[in-house]
Amino acid sequence: MKLLIENLFKGKEGNIFLLALLMIFLLVILIIFCYQIDSSLANKITAMVLSNVFIGRVPALSLGYASELSHFIIISTNIYTEIILVMIIYPLFVLSFKGIVKVKALESFFEEVKQKKNEHKASFEKYGKFALFVFVLIPFWMTGPIVGSIIGYLIGMRHYNIIFIVFISTVFSISLWAIFLQEIMDLILGLDSQFMWIILFLIFFLLLLFRFKKVILAKIRNIFKKG
């Protein structure tokens with residue numbers, strides 16, 4: 001256990017992981033402080049953070065606008081949350097790639113990222129940092145900051161360069177998404193608030209199904225095998 005902890009915080013990837021833990025600590029302190037001042041605001045921020053972690057960016061942003069939070073709170077909270085996710089998963093991938101740490105829950109995800117990197121190998125080799133920036137920016141499946149940071153490592157970029165590029169691209173991407181979703185949410189709010197929450201619930205439900213489809217299908221197969 002002691003050796004594992006030492007390896008986890010060793011080198012530049014260890015520094016990134018340590019910074020992520022510090023950022024989590026500061027986020028928790030901020031939310032606790034918010035609960036002392038305005039529990040309603042704290043609940044909304046907490047819900048938005050959890051939505052981003054477990055479901056994704058779009059539901060988290062949508063929830064923020066549905067909760068009538070400000071642009072600044074919605075965008076900054078989601079940027080902060082996604083950078084934390086990057087700075088936790090990226091070092092774990094590097095350590096897994098080096099054979100130092102194995103995270104079973106993430107191994108299949110890491111393999112999918114490697115396949116994604118091979119699909120776009122020519123573009124990454126030709127355009128380098130710009131390709132990584134665009135890859136993080138565009139809103140397609142298996143793109144985004146976490147996947148982008150791992151691919152950055154696989155094509156040989158330096159740790160801090162990866163984090164910087166991913167951060168800048170994430171800021172642009174979330175800001176653009178926020179502007180787009182605000183228009184959509186304003187349109188829905190103008191119709192009926194109850195209708196808006198039904199749509200939001202359906203989006204959350206469908207995205208949860210999509211996110212955990214492999215686990216759900218595996219459970220269904222096990223039930224049929226036992227039957």
Side-chain angles (χ1 to χ4, degrees), residues 1-32 45-61 63-64 74-114 116-117 132-133 135-137 139 141-155 157-174 177 207-208 211-212 214-215:
M1 185 67 180
K2 185 180 177 181
L3 183 61
L4 176 63
I5 293 171
E6 287 177 359
N7 287 327
L8 200 57
F9 296 104
K10 189 187 292 182
K12 291 179 180 178
E13 59 269 27
N15 292 338
I16 292 169
F17 189 77
L18 188 61
L19 182 57
L21 295 180
L22 176 61
M23 290 174 72
I24 292 171
F25 175 75
L26 292 174
L27 179 61
V28 171
I29 293 297
L30 177 64
I31 290 173
I32 291 171
I45 292 173
T46 303
M48 193 163 53
V49 169
L50 293 175
S51 295
N52 195 307
V53 171
F54 292 106
I55 308 176
R57 176 186 298 173
V58 174
L61 290 168
L63 182 61
I74 294 169
I75 293 172
S76 59
T77 301
N78 280 281
I79 290 170
Y80 195 83
T81 303
E82 292 196 21
I83 294 303
I84 287 175
L85 290 172
V86 169
M87 294 173 71
I88 290 234
I89 296 176
Y90 172 76
L92 291 177
F93 172 79
V94 174
L95 293 170
S96 174
F97 190 79
K98 291 179 177 179
I100 298 170
V101 174
K102 289 293 179 185
V103 185
K104 288 184 179 180
L106 294 173
E107 287 302 310
S108 61
F109 170 70
F110 290 158
E111 288 301 318
E112 287 180 22
V113 176
K114 289 176 185 177
K116 194 73 176 178
K117 178 255 179 183
L132 179 61
F133 177 86
F135 186 85
V136 174
L137 184 67
W141 174 241
M142 282 301 288
T143 64
I146 295 173
V147 178
S149 65
I150 293 171
I151 289 177
Y153 176 78
L154 291 173
I155 62 174
M157 291 178 64
R158 295 178 180 178
H159 296 305
Y160 297 142
N161 285 345
I162 293 168
I163 299 300
F164 179 73
I165 292 168
V166 166
F167 171 73
I168 297 298
S169 188
T170 300
V171 170
F172 273 96
S173 184
I174 288 178
W177 264 112
L207 286 171
L208 271 173
R211 176 65 65 90
F212 298 105
K214 289 183 179 179
V215 177

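Along the sequence shown, the residues carry numbers beginning at 1.
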For Ser149 against Ile146, the heavy-atom pair lying closest together: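 Taking Ser149 first and Ile146 second, the nearest heavy atoms are OG-O, 2.7 Å.
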
Nearest non-hydrogen partners of Ile163 and Met87, listed with the distance: CD1-CG, 4.4 Å

To the nearest 0.5 angstrom, please state how far the [atom1] atom of [X] sits from the [atom2] atom of [Y].
| X | Y | atom1 | atom2 | result |
| --- | --- | --- | --- | --- |
| Leu21 | Leu26 | CG | CG | 11.0 Å |
| Ile79 | Thr170 | CD1 | OG1 | 8.0 Å |
| Ile84 | Met23 | CD1 | CE | 4.5 Å |
| Leu132 | Ile168 | CG | CD1 | 12.0 Å |
| Asn52 | Leu63 | CG | CG | 10.5 Å |
| Leu19 | Ile88 | CG | CD1 | 10.0 Å |

For [Y], does its backbone N or O pair with a side-chain atom of [X] as donor and acceptor, under 3.5 Å?
| X | Y | result |
| --- | --- | --- |
| Ser96 | Leu92 | no |
| Ser169 | Ile165 | no |
| Ser51 | Ala60 | no |
| Asn78 | Ile74 | yes |

Other residues, nucleotides, ligands: >12 heavy atoms within 6.0 Å of Tyr80 OH: yes

Neighbour count above 12 (heavy atom, 6.0 Å) for Tyr160 OH: yes

Should [X] and [Y] count as side-chain neighbours, where that means a heavy-atom distance under 4.5 Å?
| X | Y | value |
| --- | --- | --- |
| Ile45 | Leu30 | no |
| Pro145 | Arg57 | yes |
| Phe135 | Val147 | yes |

Parallel, tilted or perpendicular: ring planes of His159 versus Tyr153, cut at 30 and 60 degrees: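 The rings of His159 and Tyr153 lie parallel, inter-plane angle below 30°.
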
Ring pair (Phe, Tyr, Trp, His ring centres under 6.0 Å) between Phe93 and Phe97, worked out: CA-CA 6 Å; Phe93 172 79; Phe97 190 79; 5.8 Å; yes

Derivation and outcome, side chain to side chain contact (heavy atoms under 4.5 Å, CB included), residues Ile16 and Val94: CA-CA 11 Å; Ile16 292 169; Val94 174; over 6 Å; no

